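These notes are about the structure you will find just below.
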Amino acid sequence: MAARIHGGAGAGAATALSTFNPKKLVAPSRTNLPAARSSKRCIVAAAGSDASKSLRVGHSQKLIANAAVATKAETSATTGTGHELLLFEALQEGLEEEMDRDPHVCVMGEDVGHYGGSYKVTKGLADKFGDLRVLDTPICENAFTGMGIGAAMTGLRPVIEGMNMGFLLLAFNQISNNCGMLHYTSGGQFTIPVVIRGPGGVGRQLGAEHSQRLESYFQSIPGIQMVACSTPYNAKGLMKAAIRSENPVILFEHVLLYNLKEKIPDEEYICNLEEAEMVRPGEHITILTYSRMRYHVMQAAKTLVNKGYDPEVIDIRSLKPFDLYTIGNSVKKTHRVLIVEECMRTGGIGASLTAAINENFHDYLDAPVMCLSSQDVPTPYAGTLEEWTVVQPAQIVTAVEQLCQ
Amino acid sequence: MAIWFARSRNIVSSLRHNLNLSGILSKRDYSPRPAFTNSQLSSRSVFLDSITSLRHESTAVEKQHDLVQQSDEEDVQELDFPGGKLGYTSEMKFIPESSPKRVPCYRVLDEDGRIISDSDFIPVSEQLAVRMYEQMATLQVMDHIFYEAQRQGRISFFITTVGEEAVNIASAAALSPDDVVLPQYREPGVLLWRGFTLQEFANQCFGNKADHGKGRQMPVHYGSNRYNYFTVSSPIATQLPQAAGVGYSLKMEKKNACAVTFIGDGGTSEGDFHAGLNFAAVMEAPVVFICRNNGWAISTHISEQFRSDGIVVKGQAYGIRSIRVDGNDALAVYSAVRSAREMAVTEQRPVLIEAMTYRVGHHSTSDDSTKYRAADEIQYWKMSRNPVNRFKKWVEDNGWWSEEDESKLRSNARKQLLQAIQASEKWDKPPLTELFSDVYDVKTKNLEEQELGLRELVEKQPQDYPPGFHI
C-alpha cells in the first residue's frame, strides 16, 4: 500500500527545511520543540523577522512544497532530493539520527541489540553505538520499563521497545504510576523523557494477545502523550519529536505497516507531536482515523469519490491529546463526522474522540458522530473471523453513504 | 535429558566408561558398547529407552577429549551446555531447601555498645560518630512529633522509622552525596542526613505551597533532586528496576557514583524485586540493594512472606554478592554499606545487603500493630534492642557525648520541629494552577480548558470552596 501524503505536516516541514535552524526557532505551540508547524487554515504572511512564523505554512503552499514527498501522482521525484525507504527503516533512521545527535539517547528492550529487534527497527544500532547503549534486557517488561524510567530520571533519554505493544500490559504499573506521574508528584523535580514504542494493532492471525490496541488502555493515564505513526514520513518525524520531548511519549507503530515504502526528505525534519495530518481535504464529511485504518479509509475514499462523494480524511496521529483544532475546523466545514478505528467499541480512542467532538462541536454537526470500531471481542486467530473484527473499506463506504443522506 | 537411576556405583562407572553417556546429552553419534544386560536395567525403563535407542546406532567412536574430562580424584566429569561447562554426578542429590545453618549476620557492636574483639570494621571518627548519633536522635524526635501531629489531626498520615534509625542514618553516612537514592518509604533518615531540613519535612507532610512536591503527594512521600533522593512512590518495589536503570545511567556516563535503593522484607515478594536484581546483575550496574528485614509487612510476619532464609540467600540466585548485617548496629551497617558502595562503583556490580532489624512502630498511622503482635514483643525490641541506645553507649564510652549534650539536642530538635509544624500549618496550600502544572512540561489544550473551567467555578461560588483555597 503506497503511502499517500497530502500536505499537512509533510509539506510544512518540507518548506520550513530551507530555513530550518533549531537554535533560532521557538515554536509558539504548547511544547518547546522546534517542530515544523503544520498547515493552518489561513494564509499566513510570508516569513518576517519572527523566525517562528516561517514554520507556519498556509494551505496554499502545501502542494507546491510537497516536492520531496512522493504522492500518488508522481512516480519519480523529478524535483530532486529525497530517498525511498520502508517504514521500519524510517523509524531506524530517525532513531539513529537522534542517537548521533544526543549521546544521552539509548535504546533498551528485548532482542534490540545484535538481533536488531523483532521488526528490525534497531538493526545495526548495536554495532554502531555499542551494546550498552543499545541494551538487550532480560524478559521482564515491568523491569525494563522501570529501568528506563530510573535512567531517565538520572539524565538519559531511553527509547524503550516493547516487542509487541500487548506485552506492555505487564509494564502498566511503571507506565501509569511512575512514568506518567513522577514529574507531577515530585513537584516537577524529576523529568521522565522516555519514549515507549512498539508494534501493536491487529496483524495477520497473530492471536488475541498479539493483537492488542494498547492506546485504549493507556489513554487515561495523565502525564503521557500518545502518538501513532502511519507512514514512513511521519514515523521518522514522530520518532525524532518523541525523543526530543521532555514528556514521556508512547509511539504506537502497527505490525502491518512496517513495510510501507515512501520517499522521504534527505534533510532533517520532525513532526509535531500534537498535530493531526490532513490526508485528503474534502467537503462532504470528515473521516477521522489513525494508523492502519488510514489505508482502509483511503481505499474507501477511492470508491466514494467514484460515487460522487468528497470525503475529508484526517489522520489524527496525536491520540493524547487530540488535535481538536484541526479536527474542529474540519467539522465546522463538513458538519459530518465518521471515526474509523481499530480499537474496540468500548473505551477506545473512538469513544473518547466521539465524546470530545460532541462536547466541543455539537452545534456544527448535522448528524450524530458515527464511529466504526472493532467489536468487543478478543481478536480471533482464524483468518475469516479476524477479518470480520477489523473495519473494512466496504463498511466505511456504507457508513459514509448513510451519514451523507 | 537422561535420568540416572544408579543404584550402585559399579553400574554407573561402567556405564560412564563404556557408553560415554555424556554423548547422549550432546548431539553426537557414537557407538555405545553395552556393558550389562537388559535384566539389570529392567527397573530403569526410562533410562533403558534412551540407551537402547543408541545401541543400534553405529558410527565411529569419537575421541571426546574436549568434551569429557575425567578427573583423577573424583568421579566428576564435565559437560558442555549453553552457559558453560559443568560437572556431573551420578549421585541423585537434591539441593536442600535450606542450609542446616542460617547465614550469620555481621555485627561489630554488642548490645552493650562495646566493640566485639577482633571485629572487622571501618573506623568512624568522633566527628562522624557524633553526627550519626545526633541524626539518629533527631530522627527519633521527628518520628515522635509527627506521629503525635497525625494523632491530633494536624496531618492526615505518617509513617515512622522507629527501631530502624541505624539502618537509615548509618547507611546514609556511608554514601557519597552523588549516590542516587531510591527509597521505599521508611528511609527519611537518608534525606535528613543529606541536609533536608525539618521545615522541609513538615512542608511535605502538610502539602503546603513551600513543599518541593507542590502538595501532590501524601505525607512521607518526600523527594529531592537536590539531594539525589527520588520521590517516594507508594507501590512497593517499583523503585528496584528503576534503580537498575539509574545504575545503568551512571555506568553509561562513567560517574563515580552508584544507585542505592531500599526495600522491606515484604517488598521482596514483588516481581519487581526479582526482576530488578536480575537486571542489575546482567547489566553489571553499580547498584546497592538494601533490604530492611524488619520482620513485619503490615500484619504479615516474615514466616508468611517467604520460606527462604531471609533475603540474603536470594542474592546468589541472581549472581549478586550479598551480606547479612545486624541492622540495629550502626557501625556494622556503616561498614557494610561503605564497602558495598565501593564494590559497586569500582567493580561495576550490584550488591545486596540484608539489614536485620525490627519495626517497633506500627506500619503507619493507619495501623494498630497490637492487633496482630504481642505488646511485650514490641516492648522488648523498643527497650532492650534499641539501635539508638546501643550506639549512644558506644559514643558515650568514647567520651564523645554527654547527658547534657543529649538533653540539649533533644529539646532543640523538639523545639525546631514544633516551630516547623506550626509554620507549615499556617502557610497556604498550593494555588489552583499547581493542580494542572507539571502534568506535562507545557499544559495541553484540554488541561488549559479544565483549569479555566475550574477557575470560573471558584470565582462564581467562592463560598463553596474551603478557606485557604487559592486561585
Side-chain angles (χ1 to χ4, degrees), chain A residues 29-32 103-104 106 108 130 132-133 135-156 158 170-171 173-174 177-178 180-191 193 222-225 245-248 274 320-325 356 360, chain B residues 180 182 204 211-217 221 223-226 228 230-235 237-253 255 259 261 271-272 274-276 278-285 430 434 437-449:
Chain A
S29 69
R30 55 167 292 288
T31 67
N32 46 20
H104 294 103
C106 56
M108 52 187 74
L132 190 62
R133 212 170 149 198
L135 188 66
D136 276 330
T137 65
I139 306 175
C140 186
E141 281 72 13
N142 204 34
F144 63 71
T145 306
M147 193 175 142
I149 292 167
M153 286 166 84
T154 328
L156 293 186
L170 292 158
N173 180 67
Q174 288 287 352
N177 278 333
N178 294 329
M181 289 193 194
L182 271 165
H183 181 66
Y184 185 80
T185 58
S186 69
Q189 294 183 84
F190 296 99
T191 55
I224 56 158
Q225 278 188 255
S245 169
E246 289 303 309
N247 298 315
E274 295 96 27
K320 185 180 171 83
F322 292 133
D323 179 5
L324 289 178
Y325 182 81
N360 289 294
Chain B
V180 181
L182 293 92
Q204 197 285 329
D211 170 26
H212 296 299
K214 300 184 191 167
R216 282 148 188 183
Q217 261 290 17
H221 287 60
S224 167
N225 55 353
R226 180 172 168 210
N228 287 323
F230 276 20
T231 305
V232 175
S233 172
S234 314
T238 58
Q239 70 278 10
L240 298 176
Q242 291 173 6
V246 172
Y248 168 76
S249 170
L250 296 172
K251 186 187 175 79
M252 277 262 277
E253 310 210 286
K255 292 220 173 107
T261 184
D272 276 354
H274 305 278
N278 189 39
F279 272 58
V282 172
M283 305 305 143
E284 293 171 10
E434 298 298 3
S437 60
D438 297 325
V439 179
Y440 296 104
D441 55 347
V442 174
K443 278 181 216 155
T444 51
K445 206 101 212 318
N446 63 325
L447 285 179
E448 276 173 357
E449 283 169 14

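Only a predicted model underlies this, so the values are computations on that prediction, with no experimental measurement involved. Convention: sequence-line order gives letters A, B, ...; per-chain numbering from 1.
Contact count against chain B (heavy-atom pairs under 4.5 Å) is highest for A:P138 among A:G188, A:P158, A:P138. The candidate with the highest count of non-hydrogen atom pairs below 4.5 Å against chain B, out of A:N177, A:N360, A:I224, A:T145, is A:I224. If you tally non-hydrogen atom pairs under 4.5 Å between each of A:L182, A:I149, A:L135 and chain B, the highest count goes to A:L135. Residue with the most contacts toward chain A among B:A244, B:G245, B:G223, B:S233: B:G245 (heavy-atom pairs, distance under 4.5 Å). Residue with the most contacts toward chain A among B:P235, B:G276, B:S234: B:P235 (heavy-atom pairs, distance under 4.5 Å). No other option in B:T231, B:L182, B:N228 has as many heavy-atom pairs under 4.5 Å with chain A as B:T231. Between chain B and the options A:F190, A:Y184, A:F144, heavy-atom pairs under 4.5 Å are most frequent for A:Y184. With chain A as the partner, the residue from B:R226, B:H221, B:E434, B:M283 showing the most heavy-atom pairs under 4.5 Å is B:M283.
Contacts of B:V180 with chain A are made by side-chain atoms alone, with heavy-atom separations under 4.5 Å and no backbone atom involved. For A:M108, the part lying under 4.5 angstrom from a heavy atom of chain B is the side chain only.
A donor-acceptor pair shorter than 3.5 Å can be found between the side chains of B:D272 and A:N142.
Residues forming a salt bridge (Lys or Arg N to Asp or Glu O under 4.0 Å) with B:D438 (at least two apart in sequence, or on another chain): B:K214, B:R216. In terms of the salt bridge (Lys or Arg N to Asp or Glu O under 4.0 Å) criterion, B:E284 has no residue partners (sequence neighbours excluded).
Two residues are said to be in side-chain contact when any heavy atoms from C-beta on lie closer than 4.5 Å; A:T191 and A:H183 meet this criterion.
Counting all heavy atoms, side chain and backbone alike, B:A285 lies closest to B:Y248 at CB-N, 4.0 Å. Closest of all the heavy-atom pairs between B:D211 and B:G213 is OD1-N, 2.8 Å.
The CE atom of A:M147 sits 9.5 Å away from atom OG of B:S249, with the distance rounded to the nearest 0.5 Å.
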